[in-house]
Structure formats: structure tokens, C-alpha cells
Amino acid sequence: MAEMVRINTRISADLNEYLDNLSDSTGMAKSTIVMLAIEDYRKSREVIAGMSDLNTLYEKLERIEQQIK
């Protein structure tokens, strides 16, 4: 397991209430919910970056196909 570190941040009262309710309904600590949300955000950013790379690859393949024809 990766080393865990503590961070401090401020959130709106509305988000805090949402986290409280989610924590109560799932039994997960608020810090765990925040950590999972950040992990999901990071993964989605990596997918978006990968899609950009795929688009570039697709364009190159199209050019090669046109050259072959």
C-alpha cells in the first residue's frame, strides 16, 4: 500500500453536508470518500489524455492508408 499523507483543505458547507450524508449511508469515512473521488478524477484525466493520443494515432493511420491507396 502506498504511503498515506495528510492534507488539509476547505470545502463548502454544502459539500460537507453531502460528504456527511454519503459517509453515513455507506459507512465510509469522509476522508476515504475524498480519496476515492480524487483517484477517480486522476483516472479520468489519464483516460482523456490517452484518447488524445489515440486520436493522433488514428490520424496517422488514415494518412498512411491514403498514401497506400
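These values consider heavy atoms only, across backbone and side chains, with no hydrogens, waters or symmetry-generated copies. Here the structure is a predicted model, which means the values were calculated and not measured.
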Do any side-chain atoms of residues 62-69 form donor-acceptor pairs under 3.5 angstrom with protein atoms, and if so which ones, sequence neighbours left out?
residue, atom, partner, partner atom, Å
Glu62, OE2, Tyr58, OH, 3.0

Inset, instruction - If a pair satisfies salt bridge (charged side-chain N to carboxylate O under 4.0 Å, His left out) and one of its residues is in residues 29-41, list it, with sequence neighbours excluded. - result: Asp20-Lys30
Inset, instruction - Quick one: list whatever passes side-chain hydrogen bond (donor to acceptor under 3.5 Å, both in side chains) with Asn21, sequence neighbours left out. - result: none
Inset, instruction - State plainly whether one hydrophobic cluster holds both Met35 and Leu15, where clusters connect Ile, Leu, Val, Met, Phe, Trp and Tyr through side-chain heavy atoms under 4.5 angstrom apart. - result: no
Inset, instruction - Could I get the full list of side chain to side chain contact (heavy atoms under 4.5 Å, CB included) partners for Ser25, not counting sequence neighbours? - result: Leu22
Inset, instruction - Give, for atom OG1 of Thr26 and atom CG of Leu19, the distance between the pair rounded to the nearest 0.5 Å. - result: 9.5 Å
Legend entry - For Thr32, all residues meeting side chain to side chain contact (heavy atoms under 4.5 Å, CB included), sequence neighbours excluded: Met28, Ala29, Leu36
Legend entry - Members besides Ile7 in its Ile/Leu/Val/Met/Phe/Trp/Tyr cluster (side-chain heavy atoms under 4.5 Å): none
Inset, instruction - Please round to the nearest 0.5 Å and tell me the distance separating atom CD of Glu59 and atom CG of Leu54. - result: 11.5 Å
